[in-house]
2 protein chains.
Amino acid sequence: MQKEHNLSKNQKIIFDLIDKSGGPMKAYSILFNVQKKGIKAPLQVYRALDKLVEIGKIHKIESRNAFIACQNSSCQVSKATAFSICENCENVSEISNLKLSKYLSNFSDNSGMKYSKYNLEFFGLCKKCKSK
Amino acid sequence: MQKEHNLSKNQKIIFDLIDKSGGPMKAYSILFNVQKKGIKAPLQVYRALDKLVEIGKIHKIESRNAFIACQNSSCQVSKATAFSICENCENVSEISNLKLSKYLSNFSDNSGMKYSKYNLEFFGLCKKCKSK
DNA sequence: TAACAGTATGTAATAATATAACATTTATAA
DNA sequence: TTATAAATGTTATATTATTACATACTGTTA
Ligand SMILES: [Zn+2]
Ligand SMILES: [Zn+2]
Ligand SMILES: [Zn+2]
Ligand SMILES: [Zn+2]
């Protein structure tokens, strides 16, 4: 069960928009879409995004500068994330694979570094785009 | 052995700078550093960076919008990359671990997607920063 | 309730990152 | 040589993100 965070007004507006979109959204596209709700400035968007990432309700797709609603029930923070990204249609899915996440969370090498977080992005062609 | 690409003038200037720096560099920091060599505009930098990424001489650290020289002898293209990033000192190393790269290159799930490329970024504290 | 701390908001300005469009030049190869 | 691809030069502009400062809200505790 995901901890219930009481989202603030702006956080809720922005989370709902991203969640309903079903895919990744970019900050200025979000801004455009919430202007009718009174959110007028980039900073208002980025602040809400920062908080939503922090509590794991959304994740940032780094290679796309975009934000997607968490598709796992278990992400309380954005600290172990994996995505598949179609390079043709830009469809993005969060990968939820216990073996993969265990493998990566336990990964260590001889660098002496203690890893506390990772982000993995796979690229390729999705089913639809492959068959064209 | 890495295929010998005959880098163009701008590509060589920019690769040498990044390589000698020993760490990740940002595009506009690169621009500042090569202005004395006649490279005056952002686009000249970005074009060289694009090409260098394409042939695997450098990789982009997506979470940092920065570029680092390939530290493996084997990357002919930037299509299977893994990095460790210290969140304190921002030191970045390319991870070269055969088991990890095999595991990820062979990864597949039931999404029907064919993965042809991945990028993995680990975060944590490096040896030095941990012991402070 | 009053005082406080922490979180969130509003607003303007600006910084940092990246690309579009167009003209010209250089390298490679048929 | 002629054609083609790759690289360069230049200006302008688009996109992404943060700084700085003022104000308001929310929950806790004296
Ligand atoms: Zn998630
Ligand atoms: Zn697709
Ligand atoms: Zn490499
Ligand atoms: Zn460090």
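Letters A, B, ... mirror the listed sequences (proteins, then strands); counts begin at 1.
Whole-Å rounding puts the A/Ile14 CD1 to C/dT9 C1' distance at 12 Å. One can place CG of A/Leu49 at 13 Å from P of C/dA8, the figure rounded to the nearest angstrom. Atom pair A/Gln44:CD and D/dC25:C1' shows a separation of 15 Å (rounding to whole Å applied). Following rounding to the nearest Å, A/Ile30 (CD1) and D/dT15 (P) show an atom-to-atom distance of 15 Å. The distance from atom CG of A/Leu7 to atom P of D/dT26 is 14 Å, rounded to the nearest whole Å. In this entry the distance linking CG of A/Leu31 with P of C/dT11 reads 13 Å, nearest Å. One can place CD1 of A/Ile39 at 11 Å from C1' of C/dG10, the figure rounded to the nearest angstrom.
Under a 4.5 Å side-chain heavy-atom criterion applied to ILVMFWY residues, the cluster that includes A/Leu43 comprises that residue alone. Through direct or indirect side-chain contacts shorter than 4.5 Å among Ile, Leu, Val, Met, Phe, Trp and Tyr, B/Met113 is connected to A/Ile95, A/Leu100, A/Tyr103, A/Leu104, A/Phe107, A/Met113, A/Tyr115, A/Tyr118, A/Leu120, A/Phe122, B/Ile95, B/Leu100, B/Tyr103, B/Leu104, B/Phe107, B/Tyr115, B/Tyr118, B/Leu120, B/Phe122. Residues near A/Leu125 contribute nothing to a hydrophobic cluster around it, because no ILVMFWY side-chain heavy atom sits closer than 4.5 Å to its side chain.
Each end of the helix from C/dT1-D/dA30 to C/dA30-D/dT1 gets its own axis, taken as the rotation carrying the C1' atoms of four end pairs onto the next four within a five-pair window, and the two axes meet at 30° to the nearest 10 degrees.
Taking side-chain N and O atoms only, B/Lys40 has a distance below 4.0 Å to OP1 or OP2 of D/dT10.
A donor-acceptor contact closer than 3.5 angstrom is absent between the side chains of B/Ser63 and A/Glu62.
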Can you pull every protein N or O that's under 3.5 Å from an N or O on nucleotides 17-23 of chain C?
unit_1 : atom_1 : unit_2  : atom_2 : d
C/dT17 : OP1    : B/Lys26 : NZ     : 2.3
C/dA18 : OP1    : B/Lys60 : NZ     : 2.7
C/dA18 : OP1    : B/Asn65 : OD1    : 3.4
C/dA18 : OP2    : B/Tyr46 : OH     : 3.0
C/dA18 : N7     : B/Tyr28 : OH     : 2.8
C/dA18 : N6     : B/Tyr28 : OH     : 3.1

Measure all distances between protein nitrogen or oxygen atoms and nitrogen or oxygen atoms of nucleotides 4-7 of chain D, and list the pairs falling under 3.5 Å.
unit_1 : atom_1 : unit_2  : atom_2 : d
D/dA7  : OP1    : B/Gln11 : NE2    : 3.4
D/dA7  : O3'    : B/Ser8  : OG     : 3.1

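Counting only residues at least two apart or in different chains, ring-ring contact (aromatic ring centres under 6.0 Å, His included) contacts with residues 35-68 of chain B comprise B/His59-B/Phe83. Applying the salt bridge (charged side-chain N to carboxylate O under 4.0 Å, His left out) test to every pair with at least one member in residues 83-111 of chain B, sequence neighbours left out, gives these pairs: A/Lys117-B/Glu87, B/Arg64-B/Glu90. Among pairs with a residue in residues 75-86 of chain A, none fulfils salt bridge (charged side-chain N to carboxylate O under 4.0 Å, His left out), at least two apart in sequence or across chains.
No donor-acceptor distance shorter than 3.5 angstrom exists from the side chain of A/Thr81 to the backbone of A/Ser78, with no hydrogens or angles considered.
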Using a 3.5 Å cut-off and no angle test, enumerate the donor-acceptor pairs between side-chain atoms of residues 11-24 of chain B and protein atoms at least two apart in sequence or in another chain.
unit_1  : atom_1 : unit_2  : atom_2 : d
B/Gln11 : OE1    : B/Ser8  : N      : 3.0
B/Gln11 : OE1    : B/Ser8  : OG     : 3.4
B/Gln11 : NE2    : B/Ser8  : OG     : 3.4
B/Lys12 : NZ     : B/Asp16 : OD2    : 2.9
B/Ser21 : OG     : B/Ile18 : O      : 2.8
B/Ser21 : OG     : B/Gly23 : N      : 3.2
B/Ser21 : OG     : B/Gly23 : O      : 3.1

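Looking at residues two or more places apart in sequence or on another chain, you find a side-chain contact (heavy atoms from CB on, under 4.5 Å) between B/Phe32 and B/Gln35. Under the rule for a side chain to side chain donor-acceptor pair (under 3.5 Å), B/Ser108 has no partner lying at least two apart in sequence or in another chain.
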